[in-house]
Amino acid sequence: MSSNTIEITLLERVYTIACPPGEEATLQQVAHQLNQRFLELKQRNALLSIDQLAVMAALNLTHELMSLETRTQREMQERSKKIQALENSIEQALRKRDVTQPKSVESASDSQ
């Protein structure tokens, strides 16, 4: 897989990053969002070094990702339960319908 390089700016420092073809715009957006995080952290505590800002941003982003994964997993479990309940309701309705319907449509028409 070939890759291009693009320049991104984080905290007024320019970095040259390898990037798969077609992903340049996405990487620029990610870099912009990360830079915003850095600036917010720096504004709250101007004494943090770039390394400390990077660690804090990584911890915050990882926490957000874990929270989203947990919520997504919980939602998937809830959907699975709802789907199972719907399947059970459908099965019960079909069983009930089978019990209340005549056994054979042909035998009813033969008796006429």
Side-chain angles (χ1 to χ4, degrees):
M1 173 187 260
S2 64
S3 64
N4 301 327
T5 58
I6 65 167
E7 289 185 349
I8 61 169
T9 303
L10 299 171
L11 292 175
E12 300 177 5
R13 291 186 181 186
V14 178
Y15 298 89
T16 302
I17 306 290
C19 179
E23 295 295 320
E24 297 86 358
T26 301
L27 183 55
Q28 287 290 353
Q29 286 179 312
V30 169
H32 176 74
Q33 288 181 358
L34 182 58
N35 192 55
Q36 290 303 115
R37 295 281 184 129
F38 285 152
L39 293 172
E40 289 168 11
L41 287 169
K42 189 173 184 173
Q43 190 175 33
R44 283 187 255 155
N45 190 341
L47 300 178
L48 291 178
S49 69
I50 290 176
D51 290 346
Q52 291 169 321
L53 287 170
V55 169
M56 291 300 298
L59 287 171
N60 288 339
L61 290 167
T62 302
H63 178 263
E64 289 174 24
L65 177 62
M66 288 178 67
S67 295
L68 283 171
E69 287 173 342
T70 300
R71 188 170 72 219
T72 300
Q73 187 175 29
R74 194 176 328 116
E75 288 171 356
M76 286 176 60
Q77 289 171 345
E78 289 173 10
R79 276 192 209 104
S80 290
K81 286 179 184 177
K82 288 178 181 179
I83 290 170
Q84 186 64 49
L86 285 170
E87 288 174 348
N88 291 341
S89 295
I90 291 168
E91 285 179 23
Q92 287 176 357
L94 289 173
R95 275 192 231 116
K96 190 174 186 179
R97 184 194 70 168
D98 289 344
V99 169
T100 60
Q101 282 187 341
K103 293 285 184 195
S104 171
V105 175
E106 289 178 23
S107 62
S109 62
D110 289 342
S111 63
Q112 291 177 352

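What you see below is based on every heavy atom in this structure, not just the backbone, and it leaves out hydrogens, waters and symmetry mates.
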Inter- and intrachain pairs under salt bridge (Lys or Arg N to Asp or Glu O under 4.0 Å), touching residues 80-90, at least two apart: none
Determine the minimum heavy-atom distance between A57 and F38, stating which atoms define it.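 Nearest pair, atom of A57 first, then F38: CB-CE2, 3.5 Å.
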Counterpart residues, side-chain contact (heavy atoms from CB on, under 4.5 Å), relative to [X] (two or more places apart):
X: E75; value: R71, R79
X: L94; value: I90, R97
X: D51; value: S49
X: S67; value: H63

Output side-chain donor-acceptor pairs under 3.5 Å for residues 8-21, partner residues at least two apart or in another chain, one line each.
none

Contacts of type side chain to side chain donor-acceptor pair (under 3.5 Å), residue Q84, not counting sequence neighbours: N88
Do V55 and L48 sit in one hydrophobic cluster, given that two such residues count as connected whenever their side-chain heavy atoms are within less than 4.5 Å of each other, even indirectly?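 No: no chain of side-chain contacts under 4.5 Å links V55 to L48.
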Nearest 0.5 angstrom please: [X] [atom1] to [Y] [atom2], how far?
X: L47; Y: L53; atom1: CG; atom2: CG; value: 10.5 Å
X: M56; Y: L61; atom1: CE; atom2: CG; value: 11.0 Å
X: Q52; Y: N45; atom1: CD; atom2: CG; value: 8.0 Å

Among Ile, Leu, Val, Met, Phe, Trp and Tyr joined by side-chain contacts under 4.5 Å, find the other residues sharing a cluster with M76 and list them by chain and number. none
Can you list the other members of the hydrophobic cluster that holds M66, where links are side-chain heavy atoms under 4.5 angstrom apart?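 Hydrophobic cluster check, M66: no partners found.
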Pairing residues for E64 by the salt bridge (Lys or Arg N to Asp or Glu O under 4.0 Å) criterion, not counting sequence neighbours: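 So E64 forms a salt bridge (Lys or Arg N to Asp or Glu O under 4.0 Å) with R37.
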Mind checking salt bridge (Lys or Arg N to Asp or Glu O under 4.0 Å) for R95 and listing every partner two or more places apart, or none if nothing turns up? E91
Side chain to side chain donor-acceptor pair (under 3.5 Å) contacts touching residues 17-36 (sequence neighbours left out): N4-E24
